[in-house]
There are 4 protein chains.
Amino acid sequence: MAEATSMAPVDSRRRRVALVPRLKDQGYAPDQVEKRRRWVEEKTGSRLEHVGATSLPTEEMRGNIENPIGAAQMPLAVAGPLLICGEHAEGTFYVPLATTEGALVRSYERGMVALTRSGGASARVWIDENRVAPVFFLEGVAEAHDFAARIRRHEDDLREAAESTTSHGRLLRVECLPVGREVIVSFCYSTGDAQGMNMIVKASHEACLWIQRHLGGPRYYIFSGYNSEKRASGSLLAGGKGKKVTAGARLPRKIVKSVLHSSPERLVDMWHHTVLGHMQAGALGYNGHYANGLTALFIACGQDVANVANAAVGITNLDLTPDGDLYASVTLPSLTVATVGGGTGLGTSHECLEMLGCAGGGHARKLAEIVAATVLAGELSMGGAIGSGEFVEAHELYGRNRPEAAGRKRAEETP
Amino acid sequence: MAEATSMAPVDSRRRRVALVPRLKDQGYAPDQVEKRRRWVEEKTGSRLEHVGATSLPTEEMRGNIENPIGAAQMPLAVAGPLLICGEHAEGTFYVPLATTEGALVRSYERGMVALTRSGGASARVWIDENRVAPVFFLEGVAEAHDFAARIRRHEDDLREAAESTTSHGRLLRVECLPVGREVIVSFCYSTGDAQGMNMIVKASHEACLWIQRHLGGPRYYIFSGYNSEKRASGSLLAGGKGKKVTAGARLPRKIVKSVLHSSPERLVDMWHHTVLGHMQAGALGYNGHYANGLTALFIACGQDVANVANAAVGITNLDLTPDGDLYASVTLPSLTVATVGGGTGLGTSHECLEMLGCAGGGHARKLAEIVAATVLAGELSMGGAIGSGEFVEAHELYGRNRPEAAGRKRAEETP
Amino acid sequence: MAEATSMAPVDSRRRRVALVPRLKDQGYAPDQVEKRRRWVEEKTGSRLEHVGATSLPTEEMRGNIENPIGAAQMPLAVAGPLLICGEHAEGTFYVPLATTEGALVRSYERGMVALTRSGGASARVWIDENRVAPVFFLEGVAEAHDFAARIRRHEDDLREAAESTTSHGRLLRVECLPVGREVIVSFCYSTGDAQGMNMIVKASHEACLWIQRHLGGPRYYIFSGYNSEKRASGSLLAGGKGKKVTAGARLPRKIVKSVLHSSPERLVDMWHHTVLGHMQAGALGYNGHYANGLTALFIACGQDVANVANAAVGITNLDLTPDGDLYASVTLPSLTVATVGGGTGLGTSHECLEMLGCAGGGHARKLAEIVAATVLAGELSMGGAIGSGEFVEAHELYGRNRPEAAGRKRAEETP
Amino acid sequence: MAEATSMAPVDSRRRRVALVPRLKDQGYAPDQVEKRRRWVEEKTGSRLEHVGATSLPTEEMRGNIENPIGAAQMPLAVAGPLLICGEHAEGTFYVPLATTEGALVRSYERGMVALTRSGGASARVWIDENRVAPVFFLEGVAEAHDFAARIRRHEDDLREAAESTTSHGRLLRVECLPVGREVIVSFCYSTGDAQGMNMIVKASHEACLWIQRHLGGPRYYIFSGYNSEKRASGSLLAGGKGKKVTAGARLPRKIVKSVLHSSPERLVDMWHHTVLGHMQAGALGYNGHYANGLTALFIACGQDVANVANAAVGITNLDLTPDGDLYASVTLPSLTVATVGGGTGLGTSHECLEMLGCAGGGHARKLAEIVAATVLAGELSMGGAIGSGEFVEAHELYGRNRPEAAGRKRAEETP
C-alpha cells in the first residue's frame, strides 16, 4: 500500500513526509543497503526478497547508483550462432539478450541462423563520435554572426582547452549553428571505448570557460538540446551522437525460404509497404523493431539503456540482387555503446561482455558491429513473420505457456 | 574469446556452426538452464557466475524468454518521497529505479522532493488505448477509396469479429487512411491493465479475416508500420499508442530556489532556449531526459523496456504563474505501461510494483500517473542543473567514487 | 538604387522615413494606383512599366491586396491532354501552368501524355475539411483535463455558436489535445468551395467566446500553431487541413517505355532509393517535386500560393502490378484549393479556372482532383528522367535558348 | 467546359486526344503564342483575354516555359519603409509583394514600420551554398564503406571534374552518407548570384562520370532525394540548400505597444504557446507564416516560387532583453534566391528587383537579407495580431470590400 503517511490535512505546502534515510558514506555497505531496503519495505508495505537476493557486491554500485536497495533481475537468454564479418568483430557469436517479451529471443535467433547460413553479416563503423552542444547568447543577430565566425577561427584554442581535461577524449571539430541571436556550438569528440558523456561534458565546460575568458563572455547553457542525447531527432540520422554503424548481408533465396519462410520478393514488398506506413506516421527513419534488440542487448551488457531513445533511430533496407537473392541492411547512425565505464564492469554485465569477447578497453567498435548484426537479424526475422503472416501465430506460441506447441514450432523453424 | 570455431575455409554458404542446444520442453527446468549456460561458457570462454546466481525460478520464465541461461542484474535504488494527486494515484510514493548511470537517482530524488514540498504533482490520464494498423492492397486509387468507405460502414461487424478473440480488449473505433491504392486500417482498442499488443494483434487478425471474407478479399499485412510500436514518430504525439498522461505542478519560487538552486525565470529561460536546440535538431516534441526515468522505472517494474522508444516522445513545459511561481508539466502521449502480463509478475518486477501499490489488475492507470510524475521530477531536476550550471559538478560527484564530496553535496541539497 | 532617402544621421530610434502614401478610399482607383506607382518609382529609382501594364481592373483588387501598384506577370503555358477519371473531374483537361522554370511544362506534359495514353488517372477526395485550433490556458493539469472533458460534452453548443457566423461553413467535430495545463481545441469544418480560413477563424472566434462565457473564461489564443496553415508538419499527413486527395494510374510497360523512356522496374527502383534519401534527410512524406506543379497551378488559378507549404507534403508511390505494369499514385493530404473567394475571380485566374471548367461554386473538389492528377503527371515524368539519366540533358535543352535542340527533342519525346 | 472531346468509348487504352499543337521553333513568336492560345480557347470553351493581354515579349519566355499562351497576372503592391542594417543590404527599402490575400500587405507593412521605427533590422548571411546529392549502389555494406572512404580521398579530383563544367560554380566540399550498401554523395557548391540548380546538376553529373571511370563504375542516380530541393525536411535546418540567413531587431516596448498593439511579454507568451502547438503538430522548426512573405516576394521578383517548400522551413524567436524590450529574430536556413538567371530578367520581375536595388549580378546576398527582414516583419505583425486578439478583426477589414472601415483602421495603426 503506497498511500502511506499523511494525506489528511491538505494545506500541503509544508507537508512533512519521510526522506529516504541518509546513511554513512552514502550507504553502499551491505548492511546499509539492507537497512535501506527494510525501511522501504516498511514504508511501502512491500516485501523485497528478490530485490535483496543479488549477487552484485553493493560496494561496487558506488558511482552507478544512489540509494541502492539491491538489484533488479531480468531473464537472460542466449541467441546464436551469429556469424559476423566486420572490421572489428570477426567470427561466430552467441549473443546475450535480457528481455521479458516472449518470442523475442527465438525471433532474433532465427534471423541469426539465416545470416550465418548465408555466410554471415558484414558490419562497418563509419563514424565514431560523441558531442556536446552548448548554446551562447549574444546581443543581436549581427553579434551572433561575428561570434560564430570567431569561434571558427579559434578551433585550435578550444581543442587545447577541452583536451586539457581528459586523457581519452579528443576534440575532432567544432560546428557553429547561429539561430537568431544565439549560437549553438557543437563540440564533436572521439571518446575511445567509453560512452563518454561525462568526459566530454567536462571538456566542453572547459572550452566554454575559455570562450568566456577570451571571446567576450557571453552567457551560455552547457546543453542546448541540439545534441539529442537520449531523445529521438532527425539530426541523429546524420550521425555524430555515438557510432554510425552499418550491417548487411546477402541472403540466398533458398535460405530466405527455409529459415524465414518467405521469399526475397515478398520481403521487399513488405519493406515497401511498411515504409509507406512509417511515412504516414511521420516516423524518423524506418525500422521494424531496433528497440527490441537494442534494449535486450543493452540491459544484458550494462550499457546505458536510456540511449535506446537515440540508438533506435535508423534505416533498414531490403532489396533484391540481380540474381534474385535478398540484400538486407541496417544503418544505425547513433549507436552509443561502451566497453568501459558506466555499468560495463558490474557482475552480469561484465560476464555478458565476456561472452562476446568485448569486456574492457579496445572493444567498443567490435561491440558496435555485433549490435548492428544482431539488430539486422531481428529485422529479417520480423520481416519474415509479417511477410509470411506468421507473426500472430509466433506470438501465440512463445508469448504463453505452451511448451508442446512451441517445441514443435522450433523444430520446423531451424532444421 | 568469441571468435571460436570455424573461420578458416571461407566457402561459408554452408558453414556448420553449433546451434544453441535444444532441450526437452524448451529447457526451462533449472538443470536445463544450467546446462545451456555451461554450454555457452564453453563455447565463448566466459564464466557466467553472476548470470547463474538468479533468484528467479527458471520455470516462471516460460512465456517471457526462450533459451534462458539465467538473469541479468541491474542495481536498484529507491527515490522519493513523491507526493502525487492523481485520479488513480494518490499519496506519497517511493519509486524503484534500476540504473547504472551515476547521479540519476539523486537527480530524480531531488525533483521529487521539490514536487512534494510544493504540494505534490497532479496527474491525469486523457487517452488509454492501443492500436494495430494493418494495410490492405487494392487495385487502384478508386477501389481503395471505396474499400475505405466500406470499412467505415462495417465498424460494428469488425468490432464483433475483433472482440470475439478477447475478454479484456475492446475495439473503440476504426480509422482508415488511404495512401494511393492502399488503405491503412487503424484498429484502436482499450486493453485494460495489460500492454496488450499480443491481445490486439490477435483481435485485429480476426477482423482482417472478416474483411477478407466479406469485403472482397484484398491482400494485407497485419502491420503497416503506422502503429509506431517501439519507434519514434510524430503521430505518437496525438496519442493512441498507449496512455496519454499529463503531470504538472506549481512550484513556489522559494522551493525552486532552495531545492533546485534556480529561479522560475531561469528555468523558463532554460526551457525557451533548449526548445530552440530541439527544433534545430529536428526533434520530436521536447524533453530533457524522459528516457532516463522511463528506462529506470521500466526495468525495475518489468515493463517492456523497448517501449521507451515510443514512450520517450513527449512535451515538457515550464512557464510562470501570475504570482511568479513556476508551473511545470510533462505530457506523455504514448506511455505503454502494464500491471499484468509480460514481465510484471516476475520476482523483482512484482516486488517493485508492490512498492508502488500497483501489482496486479486495476492499477495500470495508477502506474501511468506515477510514471508521469516521476518523469516530471526528472525534468525539474535536470532543468535546475542546467539552469544553475551545476550539471557538470553533479556528474563529477555522483559519477565517481568520492563519498565525502557526495555526502557534503547531498546535505546542502535537501535540507 | 534602394538606399534612397535618409541614411545620414544614425540616431535611428526616431528616424523619419517616408510611409507609403495614404490615398482616398485606400487608393484602388486607377489614377491612385498609378500615383502610388509613380511615388515608388521616385523613391526607389526604378521604372515600373510592365508592373503598370496590367489588364486587371484595379478596383477589383480591393479585398485581395493593399497598397496596389499594378500586377506581377508570370509566363503562362498549357499542358495536356490530361485524361482524368475522378468522381468530380471526368474527361480530358488542358492545364494552365505559370512558371519561369524551363522544362517544367514540357515535363508535366510528358507525364500527362503517359497518363492519358494509359487510360487516364483516377482521382478521389477522401477528406474535405479545414481547421482552426485555438489554445486555452488553465490553472493546472487537472483543470485542463476537466476543461477538455467539458468541451467534449458541449460540442453541440459549440457547433451552434460557430455556425451562427457563416452560411457556408459547417463544424464537423471538435478535438481536444491537452498539453500540460493547456488545451488545444481543434475545430474541424467543411468550408464548401472556398478555402475558407477567414470564414472558419471567425466561426471559431465565436465558439471561443461561447467557451469563455460558459466554461469559466480561460484565456486563449485563436491560433495555437497546431493547425499548420502554410507550414510543413507531420500532422498534415493525417489530413484535416484542406482536402485529402489521391490520384493514381496503371501504366502499361510499353507506355512507360515509349513516353517515359524507362521501365516499371526502373521506376520502382528509383522510388525505392530516393525514399532512402528522403529518410536520410528527415523529410516529411515522400515526393519528387509536388511543389513545382502545385505552384504553377496555384499561380495560374488564383489560389493562395503560400498554401504550397502545406499542400506539398504528401506521398508518392510507385509499384508493380502482377502483370509487370506500373502503378503510380500520389496522396495529397492537405490540398487547399478553392473556386470561389480569394483571388479566384480575378482576370487571368478566372480564365484559367474556366479552362478547367472549374470557375465558380460547386467545383472545388473537381479542381482538387485535377491538381492531384497534374501532380501525378509531374512525379512520373521526373521519375522517368531520373531513372533514365535524362534529367541533366532535359534541363540543358529547355533551360536555355536552343530552339533547334529542343525541337528535336520534343519530336522524339511525344511521338 | 473541360469535358471536351471523346469520353464516349471507354476502351481507353488507345484513346486519341489532341496534343497541344507543335509550332515552329517551339512557338515563341507572338502570333504562334496567340495561335496556341486560340487553340486552347477552342478546346476548353474558355476566353483568355487577360491571359493574352501581357506586356511580356513572348520571345523572351524561351528558356523559362514551354507551350506559352500568355501570362498570369497577380496584384502587386508595395510595403515599406523597411530599414535594414545588413552586411549587403543597407538602407530603407520599399518591398514589392504579389498576393491575393487581403490584409497580407498591410500586415507586413505594419511589421516593417515597427522595425524601421526601432532602428531597423539587422541581417546576416551565414551559409551560401547549394547542393546535389547523387546516390551510388555498391555490392554490400563493406564495399559501400570502402567506396565512401575512397570518395573522401578524391575530393580534389571531383572538384576538378565538377568545376570543369562551370565558370560560376565552385565545389566547396563533398560529404558521404553510407546507408546500408548505398552511398549518398552530397556535393556542396557555391553558386554565386544564381539559384544554380541546373549549373550544379551538370557539374555533379561530370563528377559522377569521373567516379564511374576511376572508382569502379557503380550504378547511380543523380538525385538521391537527400538534397530536399522544393521539399520540407529536417535536414534543411542545418543549411546547405541555399542561403542560411538570420534577421533580427530589438523593439522598444513603446513601439511594440504603439505599432503592434501588444507588449514584449505578451509576444513572448504567444511565442511560447504557439511553439507548443507546433510541437504537437510535429512541425519542422517554428514560424508564424514565412510562406506568405516568401511567396509574395518570390512571385514579384521572379524567383522560383516552388522553392518556398524548402525556404519556409525556419525558426522564429521572440524573447526579452534585460531592459524589458523585445528581441525578435528569424532564421531561414534554406533561402534559395537569385538575381540572375531563371525568371529574374523578365518584365515585372526585373522591375521589382530594381525597386530593391537587386537587379543583376552581385546582389543575391543583398536580396537574401531583404527577404529575411521582410519575413521578420511578417512574424512580428502576425504575432502582434494573435497576441492582441485583433487577428479576426483585421481579416474582416481587409479581406472584404469595406473601404471606410479599413481606412479608419489604418490611420490608427500607423500614426
Side-chain angles (χ1 to χ4, degrees), chain A residues 2-3 12 17 25 44 46 48 50 53 55 61 63-68 71-77 81 91-92 98 100 102 105-106 119 198 205 224-226 228 230 232-235 274 277-278 281-283 291-292 295 305-306 309 312 343 347-348 351 354-355 357 392 395 399 401 403, chain B residues 2-3 12 17 25 44 46 48 50 53 55 61 63-68 71-77 81 91-92 98 100 102 105-106 119 198 205 224-226 228 230 232-235 274 277-278 281-283 291-292 295 305-306 309 312 343 347-348 351 354-355 357 392 395 399 401 403:
Chain A
E3 301 84 331
S12 81
V17 288
D25 287 348
T44 64
S46 59
L48 304 177
H50 287 288
S55 67
M61 294 183 183
N64 287 123
I65 198 163
E66 302 81 43
N67 290 358
Q73 295 181 43
M74 190 173 295
L76 182 77
T92 303
T100 58
V105 172
R106 188 65 81 226
N198 286 354
H205 177 65
S224 63
Y226 177 67
S228 294
K230 300 180 178 174
S233 82
S235 68
T274 49
H278 275 67
N292 271 334
T295 305
V305 188
T348 57
E351 291 176 359
E354 279 200 327
M355 271 175 68
V392 179
H395 277 71
N401 283 348
Chain B
E3 302 84 330
S12 80
V17 287
D25 288 346
T44 65
S46 59
L48 303 177
H50 287 285
S55 67
M61 293 182 185
N64 288 122
I65 198 164
E66 300 82 42
N67 292 357
Q73 296 181 43
M74 191 175 294
L76 182 77
T92 302
T100 58
V105 172
R106 188 63 82 228
N198 286 353
H205 178 65
S224 63
Y226 177 66
S228 294
K230 300 179 178 174
S233 82
S235 68
T274 50
H278 275 68
N292 272 333
T295 303
V305 187
T348 56
E351 291 176 0
E354 279 200 327
M355 272 175 67
V392 179
H395 277 71
N401 284 348

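Values below: all heavy atoms of this structure, side chains included; hydrogens, waters and symmetry mates excluded. So you know, we letter chains A, B, ... as the sequences are listed, proteins then strands, and number each from 1.
- Of the listed residues (Gly347(B), Ala283(B), Ala71(B)), the one with the most heavy-atom contacts under 4.5 Å to chain A is Ala71(B).
- Both the backbone and the side chain of Ser235(B) come within less than 4.5 Å of a heavy atom of chain A.
- Here Ser233(A) is the residue among Ser233(A), Gly282(A), Gly234(A), Ala98(A) with the most heavy-atom pairs under 4.5 Å with chain B.
- With sequence neighbours excluded, the residues satisfying ring-ring contact (aromatic ring centres under 6.0 Å, His included) with His278(B) are Tyr286(B).
- Contact tally against chain B (heavy-atom pairs below 4.5 Å) for Ala53(A), Pro68(A), Pro75(A), Ser228(A): the top residue is Pro75(A).
- Heavy-atom pairs under 4.5 Å with chain B peak, among Ala281(A), Gly225(A), Pro81(A), Ala312(A), at Ala281(A).
- Closest of all the heavy-atom pairs between Val305(B) and Met74(A) is CG2-CE, 4.1 Å.
- Ala232(A) meets the side-chain contact (heavy atoms from CB on, under 4.5 Å) test with Leu284(A), Val313(A), Ala232(B); sequence neighbours excluded.
- Per-residue counts of heavy-atom pairs under 4.5 Å with chain A were compared for Ala72(B), Gly343(B), Ala306(B); the largest is that of Ala72(B).
- No donor-acceptor pair closer than 3.5 Å links the side chain of Ser46(A) to the backbone N or O of Glu354(B).
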| task | Let me see the working for Ser55(A) and His50(B) under side chain to side chain donor-acceptor pair (under 3.5 Å), right down to the final yes or no. | result | CA-CA 6 Å; Ser55(A) 67; His50(B) 287 285; 2.6 Å; yes

